[in-house]
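A, B, ... follow the sequence lines: proteins, then strands. Residue 1 opens every chain.
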Protein chains: 2
Amino acid sequence: MFSKACEYGIRASIFIALNSFEGRRVSPKEIAEEIDSPTAFTAKILQALVRNNIVSSVKGAYGGFEMDKHRIKEIKLADIVDAIDGDSIYKGCGLGLHACDEDRPCPMHDKFKVVRDELKTMLESTNLEDLALDIKQGDTFLRR
Amino acid sequence: MFSKACEYGIRASIFIALNSFEGRRVSPKEIAEEIDSPTAFTAKILQALVRNNIVSSVKGAYGGFEMDKHRIKEIKLADIVDAIDGDSIYKGCGLGLHACDEDRPCPMHDKFKVVRDELKTMLESTNLEDLALDIKQGDTFLRR
DNA sequence: TTTATTTCGGACAATTTTATCCTATTTTAT
DNA sequence: ATAAAATAGGATAAAATTGTCCGAAATAAA
Ligand code: FES
Ligand code: FES
């Protein structure tokens, strides 16, 4: 469904959000340990998240990755997926035709569109704050 | 969403179904042209479909790929996806945890599960006959 | 100002997916 | 029997994704 990079990106974002509530910056090493991902690869993904304005970074001693506490609620899963995997999951044809086209649809179009749109709605309506709070309460987990 | 192999596999299956209604066998070359896919790669995927009992093949002169006319209605998209991409799309964790686990869910679990289950239902309830008939009527297309 | 720390970014490597090619095997028609 | 036609399958190659490494640049503390 999502690329590994995107999965790591989402898990990392949630962990950063969680810590930003406490005013703590976190390092790629700490993030990778907490979400069980390869450190250097995760660092690359963090760079992309910074470029896309989803997290911010502070270089140098006592630096690390953080998020504006008041923006956490505004950041949706869709923002992260879009930043890393692009919009093909929202717009692409399920059978791989060059683009999804209502006027010349593939045989799966009508049925696929319903699912694809529901995925889109789900990602656009799910924010990082809610996800982070569930973890804080011990209801959900970032690794296993 | 699906791998290229799976997209080609579904498009190929629909085209074979379409021709099997007319009692025509089709070659990898003809299939690849009709669904706009690389011929040799498509041939590999056809082998997998044969092994998984989705289409049958006849070697030698006047051979080719075909489907039992009366089974076309019984073959669901899910059968093809399962044969080529496996069941991770149905069962896997959306955030890439080693498995989806209700008892230790990832933060996306509750919302992801709804979409994933809907995709599963869609694939399990869509059969090749309906897809092939839409093409025959000129309502949908296998290439563009 | 120096030093320690930390992200940034480019180069590189490994793995997986996608794609090609060639030979063997099977089958039908002559 | 022989030849022609067609799928099966292994070896190989190209491309994309995933993953690693290291030096450069930036920052804060001493
Ligand atoms: S054309 Fe294939 S999903 Fe819309
Ligand atoms: S645990 Fe992640 S989707 Fe179920």
Checklist line | Phosphate OP1/OP2 of C:dT18: any B:Y8 side-chain N/O under 4.0 Å | finding: no
Check: When the distance from CD1 of A:I35 to P of D:dG19 is rounded to whole Å, what number comes out?
Finding: 11 Å
Item checked: Residue-phosphate contact under 4.0 Å: B:S57 side-chain N/O, D:dA6 OP1/OP2 -> no
Check: Which residue lies toward the 5' end of DNA chain D, B:V58 or A:S3, if each is placed at its nearest nucleotide?
Finding: B:V58
Next item on the list: Give a yes or no on whether B:F2 and B:F41 share a hydrophobic cluster (residues Ile, Leu, Val, Met, Phe, Trp, Tyr; joining criterion: side-chain heavy atoms under 4.5 Å apart).
Entry: yes
Item checked: Single-linkage hydrophobic cluster, 4.5 Å side-chain cutoff, B:I16 and B:F21 together -> yes
Check: Taking NZ from B:K29 and C1' from D:dA5, how many angstroms apart are they, rounded to a whole number?
Finding: 14 Å
Margin query: Return the pairing partner of D:dT7 with a 3.5 Å limit on both distances, Watson-Crick or G-U wobble; otherwise return none.
Written below: C:dA24
Checklist line | Euclidean distance, atom CG of residue B:L46 to atom P of C:dA19 [Å, nearest integer] | finding: 14 Å
Next item on the list: Find out whether A:K136 and A:E22 are in side-chain contact, i.e. whether some heavy atom of one side chain is under 4.5 Å from a heavy atom of the other.
Entry: yes
Check: What integer distance in Å separates B:E66:CD from D:dT7:C1'?
Finding: 13 Å
Next item on the list: Do nucleotides 20-25 of chain D as a string where each nucleotide becomes B, S or -: B if the base has a protein heavy atom under 4.0 Å, S if just the sugar-phosphate does, - if no protein is that close.
Entry: BB----
Checklist line | Rounded interatomic separation in angstrom, taking CD from B:E30 and C1' from D:dA5 | finding: 15 Å
Notebook entry, point to check: Nearest-Å distance, CD (A:E7) to P (D:dT17)?
Noted result: 14 Å
Check: Between A:D79 and A:I54, is there a donor-acceptor pair closer than 3.5 Å when you use the side chain of the first and the backbone of the second?
Finding: no
Note to self: Nearest 0.5 Å, please: how far is CD1 in B:I135 from CD1 in B:I14?
What the structure shows: 5.5 Å
Check: For B:Q47 and D:dG9, is the shortest distance between a side-chain N/O and OP1 or OP2 below 4.0 Å?
Finding: yes
Next item on the list: Could you check whether B:R51 gets within reach of a base, just the sugar-phosphate, or nothing at all, counting any heavy atom under 4.0 Å?
Entry: sugar-phosphate
Next item on the list: Could you pull out all residues at least two apart from B:D134 that satisfy side-chain hydrogen bond (donor to acceptor under 3.5 Å, both in side chains)?
Entry: none
Note to self: Let me check something: do A:L133 and B:L95 share a hydrophobic cluster, defined by ILVMFWY side-chain heavy atoms less than 4.5 Å apart, either directly or through other members?
What the structure shows: no
Next item on the list: Could you state the atom-to-atom distance from CZ of B:R11 to C1' of C:dT18 in whole Å?
Entry: 14 Å
Next item on the list: Grab the CZ-P distance between A:R25 and C:dT7 for me, whole Å please.
Entry: 10 Å
Notebook entry, point to check: Counting side-chain heavy atoms from CB outward, which of D:dA8, C:dT7, C:dT27 is closest to A:F65?
Noted result: C:dT7
Notebook entry, point to check: At under 4.0 Å between heavy atoms, what does B:V26 touch on the DNA or RNA strands: base, sugar-phosphate, or nothing?
Noted result: sugar-phosphate
